[in-house]
Asker: 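For reference, the structure I am asking about is given below.
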Amino acid sequence: MALSGTGKINNARELRIYENSDELRTEFAEYIAEISEAAVKDRGIFAIALSGGSLISLMRKLCEMPYNKTVDWAKWYIFWVDERVVAKSHQDSNYKLAKDGFLTKVPVIPSHVHSINDSVSAEQAAEEYEFLIRQLVRTRVVSVSDFSDCPKFDLILLGMGPEGHVASLFPDHPVLEETEVWVTFITDSPKPPPERITFTLPVINSASNVAVVVTGSNKAETVKIVTNDDVEPDRSLLPATMVRPSNGKLVWFLDKAAASKLDGVKFSE
Ligand SMILES: O=C(O)[C@H](O)[C@@H](O)[C@H](O)[C@H](O)COP(=O)(O)O
């Protein structure tokens with residue numbers, strides 16, 4: 001079924017709303033494939049950063065025909081927007097989630113998969129991950145922003161928690177104010193496990209494309225607030241309101257349940 005509803009759209013932000021998560025999966029795969037193709041055409045490389053959560057299962061159509069054959073997987077460089085500081089084999093690892101659910105099902109080049117060092121503290125893992133990204137910016141595997149000294153990922157993929165967290169940026173946490181570093185760490189995550197590393201907001205907001213993918217009625221109230229252009233970015237309430245790419249494109253992928261409280265969205269019967 002085609003797109004059945006749409007919300008407020010401006011140049012910087014688009015809402016894409018789907019009848020169900022299967023329809024969302026189909027269109028989300030197409031969106032990622034298109035951005036990958038454009039980046040490879042433009043600069044020969046596609047640098048994508050993943051989050052954890054339900055996002056990975058929502059990407060699964062990329063592992064199927066036609067994308068498993070048509071996407072230029074050898075040009076993909078994969079990073080994590082946020083990661084839990086646990087062993088890569090641990091069930092809480094975002095790397096493991098992506099590896100089992102996606103990366104082992106497509107022909108990406110293993111040396112292009114850049115996960116964190118899982119054998120050091122959260123602080124050191126964040127420092128090392130930033131150092132790695134700095135090296136890859138120097139060699140232009142990752143572009144650099146024209147407006148800040150931040151890396152410019154071709155695509156950053158985010159989920160959102162019911163209380164509005166994105167990546168490992170939680171409501172009212174001091175790291176929401178971090179502007180000095182690209183990758184930071186927390187040891188008090190309200191969502192377990194407590195120790196995490198995360199891209200900071202300036203890095204997320206320097207990406208060429210950011211997609212936030214949200215499904216389920218338990219997030220509908222939050223979606224209504226964070227997609228309202230009149231709501232001021234507010235660290236104490238909803239970090240998702242602070243995702244506003246300065247020169248990139250932001251797309252929200254919502255299923256009907258997550259969009260159910262949006263004003264002016266009409267669904268066909
Ligand atoms: O490591 C994490 O915990 C995630 O990166 C986190 O930010 C996630 O994306 C949201 O919590 C949404 O998760 P769900 O889509 O599973 O609700």
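Fair warning: this is a prediction, and the values are worked out from it, not measured in the lab. Order of appearance sets the numbers: ligands from 1, and atoms from 1 within every ligand.
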Asker: So, do Tyr31 and Val251 sit near enough that their side-chain heavy atoms are less than 4.5 Å apart?
Answerer: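 They are in side-chain contact.
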Asker: Mind checking what residues have non-hydrogen atoms under 4.0 angstrom from ligand 1?
Answerer: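 Shell around ligand 1 (4.0 Å, heavy atoms): Ser51, Gly52, Gly53, Ser54, Asp82, Arg84, Asn94, Gly159, Met160, His165, Ala167, Lys191, Arg196, Lys219.
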Asker: How many angstroms lie between atom NZ of Lys61 and atom CD1 of Ile32, to the nearest 0.5 angstrom?
Answerer: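 Rounded to the nearest 0.5 Å, the NZ-CD1 separation comes to 13.0 Å.
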Asker: Nearest 0.5 angstrom please: Lys96 NZ to Ile56 CD1, how far?
Answerer: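 So the gap between those two atoms works out to 13.0 Å.
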Asker: Can you name the residues that form a ring-ring contact (aromatic ring centres under 6.0 Å, His included) with Trp252, not counting sequence neighbours?
Answerer: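 ring-ring contact (aromatic ring centres under 6.0 Å, His included) list for Trp252, sorted by chain: empty.
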Asker: Would you say the side chains of Asp255 and Thr215 form a donor-acceptor pair under 3.5 Å?
Answerer: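 No, no side-chain donor-acceptor contact under 3.5 Å.
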Asker: Is Glu14 salt-bridged to Arg16, cutoff N-O under 4.0 Å?
Answerer: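 Between Arg16 and Glu14 there is a salt bridge, with a charged N closer than 4.0 Å to a carboxylate O.
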